[in-house]
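Let me begin by presenting the structure, written as structure tokens, before commenting on it.
Nothing fancy with the numbering, it's 1 onward along the sequence.
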Amino acid sequence: MKYLLIVIIISAFGISAEAQSKVKEDSISVKGNCVMCKRRIETAMDLNGVKFSEWNVKTKKLFVAYRPDKISEKEIHQAIAAAGHDTDLIKAQDSTYANLPFCCLFRDHDPHGPNGEELNKHE
């Protein structure tokens with residue numbers, strides 16, 4: 001009985017370690033401008049299989065840790081585009097992009113001043 005219990009415990013640790021090793025980390029270029037963009041992009045990552053995500057306003061990079069057996073990299077890009085933001089692989093639909101707040105529009109103009117300060121501040 002003790003032997004069986006030991007085998008079960010060791011197997012559980014092995015399965016847990018294997019599941020953790022399947023997490024993939026990636027950095028994705030995502031267009032956006034402000035804190036509102038950050039919230040929208042990170043909220044779009046509330047998906048099954050995504051373990052962590054953080055978008056950097058200055059670098060325009062999304063760091064994401066995900067389980068490739070649960071979600072693909074393409075699905076991550078699609079979710080970001082569905083939220084209105086372009087990635088290096090998928091462009092958001094024009095109609096979705098057009099519904100973003102003015103300060104979040106990144107394609108045709110820079111809503112920020114020459115030094116990067118927001119002209120239309122909000123948080």
Are side-chain heavy atoms of [X] and [Y] found at a separation under 4.5 Å?
X	Y	answer
Ile28	Lys61	no
Phe63	Phe52	yes
Lys51	Arg67	yes
Arg39	Val35	yes

Stepwise side-chain contact (heavy atoms from CB on, under 4.5 Å) test for Glu42 and Glu54: CA-CA 6 Å; Glu42 291 175 359; Glu54 184 174 13; 3.6 Å; yes
Is the Trp55 ring parallel, tilted or perpendicular to the His85 ring (thresholds 30°, 60°)? tilted
Looking at every heavy atom in both [X] and [Y], which two are closest together, and how far apart are they?
X	Y	value
Val57	Cys34	CG2-O, 4.0 Å
Ala83	Arg40	O-CD, 3.1 Å
Met36	Cys103	SD-SG, 4.2 Å
Asn33	Cys37	N-SG, 3.3 Å
Gly84	Ala92	C-CB, 3.5 Å

Give the intermediate values and the outcome of side-chain contact (heavy atoms from CB on, under 4.5 Å) for residues Ile71 and Asn48. CA-CA 7 Å; Ile71 189 167; Asn48 186 28; over 6 Å; no
Residue pair Val23, Tyr66: steps toward the side-chain contact (heavy atoms from CB on, under 4.5 Å) verdict: CA-CA 5 Å; Val23 173; Tyr66 65 98; over 6 Å; no
So, taking the atom named [atom1] in [X] and the one named [atom2] in [Y], what distance separates them when rounded to the nearest 0.5 Å?
X	Y	atom1	atom2	result
Ile76	Met45	CD1	CE	6.0 Å
Lys38	Leu62	NZ	CG	9.0 Å
Leu89	Gln78	CG	CD	10.0 Å
Ser53	Ile41	OG	CD1	9.5 Å

With distance as the sole test, does Lys60 use its side chain to make a donor-acceptor pair with the main-chain N or O of Gly32 at under 3.5 Å? yes
Start with the C-alpha distance between Ile80 and Ile90, add both sets of side-chain angles, then the distance that settles side-chain contact (heavy atoms from CB on, under 4.5 Å), and finish with yes or no. CA-CA 9 Å; Ile80 295 165; Ile90 299 177; over 6 Å; no
Name the one of Lys31, Arg107, His77 that satisfies side chain to side chain donor-acceptor pair (under 3.5 Å) with Asp86? Arg107
